[in-house]
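This report refers to the structure that appears directly beneath it.
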Amino acid sequence: MNTNKIIIVTAPSGAGKTSIVRYLLQQHPEKLAFSISATTRQPRADETNGKDYYFLSKEDFHQKIQNNEFVEWEMVYEGKYYGTLFSELERIWNTGRIPILDIDVKGALHIQSRFPESSVSIFVQPPSVEALKQRLESRGTESAESLKTRVNKASYELSFKDHFNFTVVNNQLDVACLEAEAIVTRLF
Ligand code: 5GP
C-alpha cells in the first residue's frame, strides 16, 4: 500500500460529510485515520481537544502559519481559522494509514493542487440548499447568525463541485456512505 495518499471529503457545511467520514473510519480503522485539524473556534460541548480538533489560541495558530507548519489553512468563517498541519499528515502516514480530511471547499482545492497525484477528493452534495438548511437547523449546533452564514456559503460552495474527482449526492445517508466506501476502497 502506498501510504502517502490523502483522501479529501469536502462539502458545504451540513451536507453530511462528517457522517460519511465517520462511517468510513468505522469500517476501515486499520486503513484510514481522521486528520485532526487545528482551529481557533471554541470547542462544542461534545468535542475533545486532540480528537475532534487541536483547539488553538489565535496567537498559537498565527505562530504556526509563520513557521510554515500548515499544508493549508483558511479563515473558514469570520475570525475563525482552520488548518491542516504537516505534522498531522506525517503522524498518520507513519502509522501506515491514509489520512482522511474533512475540510471546506477552498481548503480542499488547495490540498488538491498541492498533492495532485496522491490526493483523491470526494464532494458531498446535499440534495438541495433547503435540505441543507433543515439539516443544520435540526442539528441545533448553530446560532441564527451562524446558520445564515453557513447557508449563504453553501450556495457558493456548490458551484465548485466539478473541481473534485468524485461527487456523492447525499439523498439517503446509507447509500451515500456505500458510494463513498466504493471510492476509497479502490485505494487500498
Ligand atoms: P465546524 O466548525 O463545523 O467543525 O467546521 C466548519 C468547516 O470547517 C467545515 O466545513 C469543516 O470541514 C471545515 N474544516 C475543518 N477543518 C479544516 C481544515 O483543516 N481546513 C479547512 N480549510 N477547513 C476545515
Side-chain angles (χ1 to χ4, degrees), residues 6-22 25 33-92 99-115 119 121-126 128-164 170:
I6 297 174
I7 297 168
I8 304 163
V9 181
T10 191
S13 175
K17 71 179 180 305
T18 302
S19 305
I20 294 174
V21 166
R22 245 182 240 145
L25 288 163
F34 181 62
S35 164
I36 304 165
S37 295
T39 185
T40 63
R41 83 148 162 75
Q42 291 299 308
R44 296 181 183 131
D46 60 344
E47 289 179 328
T48 311
N49 185 36
K51 177 169 166 272
D52 301 285
Y53 281 104
Y54 300 113
F55 293 101
L56 302 183
S57 65
K58 271 194 183 152
E59 293 71 28
D60 285 350
F61 200 99
H62 282 115
Q63 189 59 56
K64 288 186 187 305
I65 295 174
Q66 297 293 318
N67 298 346
N68 277 321
E69 291 181 49
F70 285 107
V71 186
E72 64 78 37
W73 62 270
E74 293 290 335
M75 190 173 79
V76 175
Y77 299 108
E78 191 56 38
K80 304 281 182 264
Y81 293 81
Y82 295 76
T84 303
L85 292 159
F86 278 111
S87 58
E88 181 62 10
L89 299 185
E90 292 289 347
R91 178 184 74 79
I92 296 170
I100 181 158
L101 280 59
D102 172 340
I103 63 176
D104 88 325
V105 167
K106 245 173 142 183
L109 292 169
H110 264 146
I111 302 252
Q112 256 201 160
S113 60
R114 207 153 178 173
F115 297 94
S119 66
S121 56
I122 302 174
F123 182 87
V124 180
Q125 188 184 342
S128 66
V129 172
E130 187 48 38
L132 182 134
K133 186 167 170 235
Q134 282 169 12
R135 206 172 282 167
L136 276 174
E137 272 167 355
S138 65
R139 193 169 83 179
T141 54
E142 306 312 315
S143 64
E145 191 57 34
S146 163
L147 187 85
K148 206 170 131 205
T149 311
R150 284 174 188 246
V151 170
N152 286 342
K153 189 168 178 236
S155 309
Y156 172 70
E157 288 179 327
L158 277 171
S159 66
F160 287 95
K161 77 167 185 187
D162 294 337
H163 291 74
F164 299 103
N170 189 9

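Note that the structure is a prediction, hence the values are computed from the model and not measured. Heavy-atom basis, side chains included; hydrogens, waters and symmetry copies ignored.
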**Q.** Distance (rounded to the nearest 0.5 Å) between K80 NZ and R41 CZ
**A.** 9.5 Å

Q. Any Lys/Arg nitrogen of E145 or K148 sitting under 4.0 Å from an Asp/Glu carboxylate oxygen of the other?
A. no

**Q.** Heavy-atom closest pair, residues E47 and Y53
**A.** OE2-CE1, 4.1 Å

**Q.** Non-hydrogen side-chain atoms of R150 and Y77 separated by less than 4.5 Å
**A.** yes

Q) If we only count heavy atoms from C-beta on, is the F55 to D60 side-chain gap below 4.5 Å? A) no

Q | Considering all heavy atoms, the nearest Y81-T39 contact | A | O-OG1, 2.9 Å

Q. Of V124, L132, N152, which is the lone residue that meets side-chain contact (heavy atoms from CB on, under 4.5 Å) with P12?
A. L132

**Q.** Inter-residue atom distance Q66.CD - H62.NE2, 0.5 Å rounding
**A.** 8.5 Å

Q) With under 30° as parallel and over 60° as perpendicular, where do the rings of H163 and F160 fit, or are they tilted in between? A) tilted

Q) If you look at every heavy atom in S121 and Q112, which pair is closest and at what distance? A) OG-OE1, 2.5 Å

Q. With a 4.5 Å limit on heavy-atom distance, are the side chains of Y82 and I103 in contact?
A. no

Q. Within the distance-only criterion (no hydrogens, no angle test), does the side chain of E88 pair as donor or acceptor with the backbone N or O of L85 below 3.5 angstrom?
A. no

Q | Spacing of W73 atom CH2 and S37 atom OG [to the nearest 0.5 Å] | A | 14.5 Å

Q.
Any salt bridge linking R44 with D52? Criterion: basic side-chain nitrogen under 4.0 Å from a carboxylate oxygen.
A. no

Q | Min side-chain heavy-atom separation V105-F164 under 4.5 Å | A | yes

Q: Kindly compute the distance separating CZ (F61) from CE (M75), expressed to the nearest 0.5 Å.
A: 11.5 Å

Q. Looking only at heavy atoms, what is the nearest atom pair of F115 and V71, with distance?
A. CE1-CG1, 3.5 Å

**Q.** Heavy-atom donor-acceptor pair, E78 side chain to T149 backbone, under 3.5 Å
**A.** no

Q) If you draw a 6.0 Å radius around NZ in K153, do more than 12 non-hydrogen atoms from other residues or ligands fall strictly inside? A) yes

Q. Given side chains that start at C-beta, do those of T10 and L109 come closer than 4.5 Å, heavy atoms only?
A. no

Q. Can you tell if the side chain of S146 reaches within under 4.5 Å of the side chain of L136, non-hydrogen atoms only?
A. no

Q | Donor-acceptor contact present, side-chain N170 to main-chain A15, <3.5 Å | A | yes

Q. Between the side chains of R139 and T141, does any donor sit under 3.5 Å from an acceptor?
A. yes

Q | E142 CD to E137 CD distance, which is reported to the nearest 0.5 Å | A | 11.0 Å

(Q) I'd like to know if the side chain of E72 pairs up with that of T84 as donor and acceptor (distance under 3.5 Å, no hydrogens or angles considered). (A) yes

Q.
Would you compute the distance between atom CD of Q63 and atom OG of S57 and round it to the nearest 0.5 angstrom?
A. 10.0 Å

(Q) Tell me the closest heavy-atom pair linking I36 and G50, and the distance in Å. (A) CD1-O, 3.2 Å

Q: Heavy atoms only: give me the nearest A108-I8 pair and the separation to one decimal.
A: CB-CG2, 3.6 Å

Q: Please assess V21 against I7 for the test side chain to side chain contact (heavy atoms under 4.5 Å, CB included), listing each intermediate value before the final yes or no.
A: CA-CA 10 Å; V21 166; I7 297 168; over 6 Å; no

